[in-house]
Amino acid sequence: MPELPEVEVVRRGLERWVSGRTVTAAEVLHPRAIRRHVAGPLDFAGRLAGRRIGAAMRRGKYLWLPVDDGAHAVLAHLGMSGQLLVQPAAAPDERHLRVRFTFEDADGGELRFVDQRTFGGLSLHPASEDGLPDVIAHIARDPLDPEFDQDAFHAALRRRRTTIKRALLDQSLISGVGNIYADEALWRARLHYDRPTATLTRTQTTELVAHVHDVMTAALAAGGTSFDSLYVNVNGQSGYFERSLDAYGRQDEPCRRCGTPMRRSAWMNRSSYFCPRCQRAPRPRPARA
DNA sequence: ACTAGAACCTGGCCGC
DNA sequence: TGCGGCCAGGTTCTAG
């Protein structure tokens, strides 16, 4: 499932294989794939034909390709199963091919958006002054962004009446973190997913963010995480970071620190994996007087 | 204003 | 063999 490292791998692939090329046609094969482009498929295609693609950008799990010298951008989110593939025109269509871009230099291949579960999508938006598509203005900077603000993040955690894993998944507080890397970072930081954010010390926040940063950097170095054939990078190559996950998916396997069997808890319609010894559940909060 | 939880979607897998 | 039901989960919408 694509989180920040996987999306960054795709961004680099787009930068290498797509940036600088000029679109001849954008073909929408499934309307749901561009549902966030409210003006519809014809408008989407019409406004991209003849446009030159700029440098591929990313914030958190969002990717975008500037067009019109940065005045607009094609925004992409991979959802759970989205792939951006550069394929030879002769390659047979993928089963879940949703959008196809062809280019003036046809021998450089086509760009294909393939998405089985259709949570992902593409859309075209005006860009704000810093080049960010306007619809993702609420997405916080991610931990790999040099301008990520540790003080503001800690202050927000102290202010919120919520729990730490919820906060890690809240893209308006810190972006790029999904269920997998949230569990990995919490395991590294020895924090339980249900820990109230208001009780975190500044040191704990700093360490947690460092762990998020480190686990993402390691995953990026390994080419992204993949759990099945759903996630493939821009050139069709799967990542292999899953071999080094310490928490996610390790129910009943020994904790790599203390040997205690790892647990899985149902949590928010999904799963949380943790070590019951290293990551102690918080004491119930005392009722307010 | 803030927080919690449901809804969206498909295909692989499991048990019967 | 077939079928029902569960599971994966990021984002957005709605309810409280």
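Heavy atoms only: backbone and side chains are in, while hydrogens, waters and symmetry mates are out. Letters go in sequence order (proteins before strands), and every chain restarts at 1.
In the interface, the side chain of A/R270 is paired with the base of C/dG10 through a donor and an acceptor atom under 3.5 Å apart.
For A/R264, a side-chain nitrogen or oxygen approaches OP1 or OP2 of C/dA8 to under 4.0 Å. Dashed line: the shortest gap from a side-chain N or O of A/R36 to OP1 or OP2 of C/dT12 is under 4.0 Å. Put simply, A/S271 has no side-chain N or O that comes within less than 4.0 Å of OP1 or OP2 on C/dC7. Side-chain nitrogen and oxygen atoms of A/H77 include none within less than 4.0 Å of the OP1 or OP2 phosphate oxygen of C/dG10. A close approach under 4.0 Å does occur between a side-chain nitrogen or oxygen of A/H96 and OP1 or OP2 of B/dG11. Within the 4.0 Å cut-off from OP1 or OP2 of B/dC9, not a single side-chain nitrogen or oxygen of A/S81 is found.
Salt bridge A/R141/A/D149: absent, no basic N to carboxylate O contact under 4.0 Å. Using a 4.0 Å cut-off between charged nitrogen and carboxylate oxygen, A/E8 and A/R11 count as a salt-bridge pair.
Rounded to whole Å, the distance from CD on A/E6 to C1' on C/dG10 is 13 Å. A straight line from NE2 of A/H138 to P of C/dC13 spans 10 Å, rounded to a whole angstrom. If you measure from atom CD of A/Q171 to atom P of C/dT11, you get 4 Å, rounded to the nearest angstrom. At whole-Å resolution of the value, CD in A/Q83 and P in B/dG11 are 13 Å apart. Atom CG in A/D170 sits roughly 9 Å away from atom P in B/dT3 (whole-Å rounding). One interatomic measurement links the two molecules: CG of A/N179 to P of C/dT11, which rounds to 12 Å at whole-angstrom precision. Straight-line distance from the CG atom of A/L63 to the P atom of C/dT11: 12 Å, rounded to whole Å. Between the CD1 atom of A/I164 and the P atom of B/dA4 there is a distance of 13 Å, rounded to whole Å.
Among B/dC9, C/dT12, C/dG10, the nucleotide with an atom closest to any side-chain atom of A/R32 is B/dC9. In this structure, the nucleotide among B/dC8, C/dA8, B/dG11 sitting nearest to the side chain of A/F119 is B/dC8. Checking B/dT3, B/dC9, C/dT11 against every side-chain atom of A/R161, the shortest atom distance belongs to B/dT3. When each of C/dA8, B/dC9, B/dG11 is scored by its nearest atom to the side-chain atoms of A/R95, the top-ranked nucleotide is B/dG11. Candidate nucleotides C/dA8, B/dG11, B/dG5 were compared by shortest atom distance to the side chain of A/Q116, and B/dG11 ranks first. Of the listed nucleotides (B/dA6, C/dG10, B/dA4), B/dA4 has the atom at the smallest distance from the side chain of A/R166. In this structure, of C/dA8, B/dA6, C/dT12, it is B/dA6 that holds the atom nearest to the side chain of A/N269.
When only modelled atom types and interatomic distance are considered, A/S81 and A/D115 share a side-chain donor-acceptor pair under 3.5 Å. For the residue pair A/T197 and A/R160, no side-chain donor N or O sits within less than 3.5 Å of a side-chain acceptor on the partner. Residues A/Q83 and A/E94 have side chains that never bring a donor and an acceptor to within less than 3.5 angstrom of each other.
Heavy-atom contacts from other residues, nucleotides or ligands closer than 6.0 Å to CG of A/D69 number 12 or fewer.
As judged by a 4.0 angstrom heavy-atom cut-off over every strand, A/R35 is placed among residues making no nucleic acid contact.
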